[in-house]
Amino acid sequence: MSIERDETIRTIRAALKTRTGRTWSVTGGRGTAWGWILITAPPARRVNWGMTDDDIATLSAAMGSGGGMVGRGGYTVPSSDAYYAQAVALASGLPATPAEPYWD
């Protein structure tokens, strides 16, 4: 099953808004990074080119233990159906099947 990038972005954005009560910037990459997705605080909540400690903690908690590393730059979802499905499940608060890296 192929998961559409733009639909994944909309679903993650809505799920995080519901779970955290905050808006999040969920954007797709450009050029060679077209399929990758970045989740971060919107520009109005960023300080010194990154997210606040509170936003990092909130996003980390929302993405759960499978959320990987959330840092000042946000959380990155690699370009694959498996990673998209994992991110949608995590953002929705559902159990997620860990995606396997497809790169060396």
Side-chain angles (χ1 to χ4, degrees):
M1 174 175 76
S2 179
I3 302 173
E4 174 67 33
R5 179 191 83 146
D6 293 340
E7 180 62 28
T8 301
I9 289 169
R10 285 189 294 273
T11 303
I12 291 170
R13 187 180 294 129
L16 288 174
K17 170 75 171 167
T18 298
R19 292 193 62 223
T20 67
R22 298 180 188 184
T23 58
W24 296 93
S25 174
V26 184
T27 57
R30 307 262 190 260
T32 58
W34 185 87
W36 289 60
I37 297 171
L38 177 63
I39 305 168
T40 188
R45 287 204 323 260
R46 294 183 208 156
V47 293
N48 298 325
W49 301 101
M51 294 197 314
T52 65
D53 291 340
D54 184 50
D55 276 332
I56 293 169
T58 301
L59 184 56
S60 293
M63 295 303 283
S65 61
M69 296 293 294
V70 176
R72 296 242 177 260
Y75 176 73
T76 303
V77 180
S79 177
S80 80
D81 288 350
Y83 278 100
Y84 287 2
Q86 177 184 358
V88 166
L90 292 171
S92 301
L94 302 171
T97 301
E100 294 293 324
Y102 58 86
W103 57 86
D104 294 337

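Because the structure is a prediction, the values reported are computed rather than measured. For reference, positions follow the sequence shown, starting with 1.
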Trace of the side chain to side chain contact (heavy atoms under 4.5 Å, CB included) decision for L38 with V26: CA-CA 6 Å; L38 177 63; V26 184; over 6 Å; no

Beyond-backbone contact of D55 with W24, side-chain heavy atoms, under 4.5 angstrom: yes

Which atom of A89 lies closest to which atom of A96, heavy atoms considered: CB-CB, 3.8 Å

Minimum-distance pair of heavy atoms, taken over all atoms of A41 and R46: O-NE, 2.6 Å

Atom CH2 of W34: over 12 foreign heavy atoms under 6.0 Å: yes

Non-hydrogen side-chain atoms of Y84 and P78 separated by less than 4.5 Å: no

Chi angles and distances behind the side chain to side chain contact (heavy atoms under 4.5 Å, CB included) call for Y75, S60: CA-CA 9 Å; Y75 176 73; S60 293; over 6 Å; no

Spacing of CG belonging to L90 relative to CZ belonging to R19, to within rounding of 0.5 Å: 8.5 Å

Heavy-atom pair with the smallest gap, counting every atom of I56 and V70: CG2-O, 3.5 Å

Minimum-distance pair of heavy atoms, taken over all atoms of A62 and T20: CB-CG2, 3.7 Å

Test item: R45 and T23 side chains (from C-beta on) under 4.5 Å apart, heavy atoms: yes

Stepwise side chain to side chain contact (heavy atoms under 4.5 Å, CB included) test for R22 and L59: CA-CA 10 Å; R22 298 180 188 184; L59 184 56; over 6 Å; no

Parallel, tilted or perpendicular: ring planes of W36 versus W103, cut at 30 and 60 degrees: tilted

Neighbour count above 12 (heavy atom, 6.0 Å) for N48 CG: no

Pairwise salt bridge (charged side-chain N to carboxylate O under 4.0 Å, His left out) hits with a residue in residues 27-37, at least two apart: none

Criterion side chain to side chain contact (heavy atoms under 4.5 Å, CB included) on D53 and R72, from CA distance to verdict: CA-CA 8 Å; D53 291 340; R72 296 242 177 260; 2.6 Å; yes

Lys/Arg N to Asp/Glu carboxylate O, D81 vs R5, below 4.0 Å: no

Side chains of I12 and V88 in contact at under 4.5 Å (non-hydrogen atoms): yes

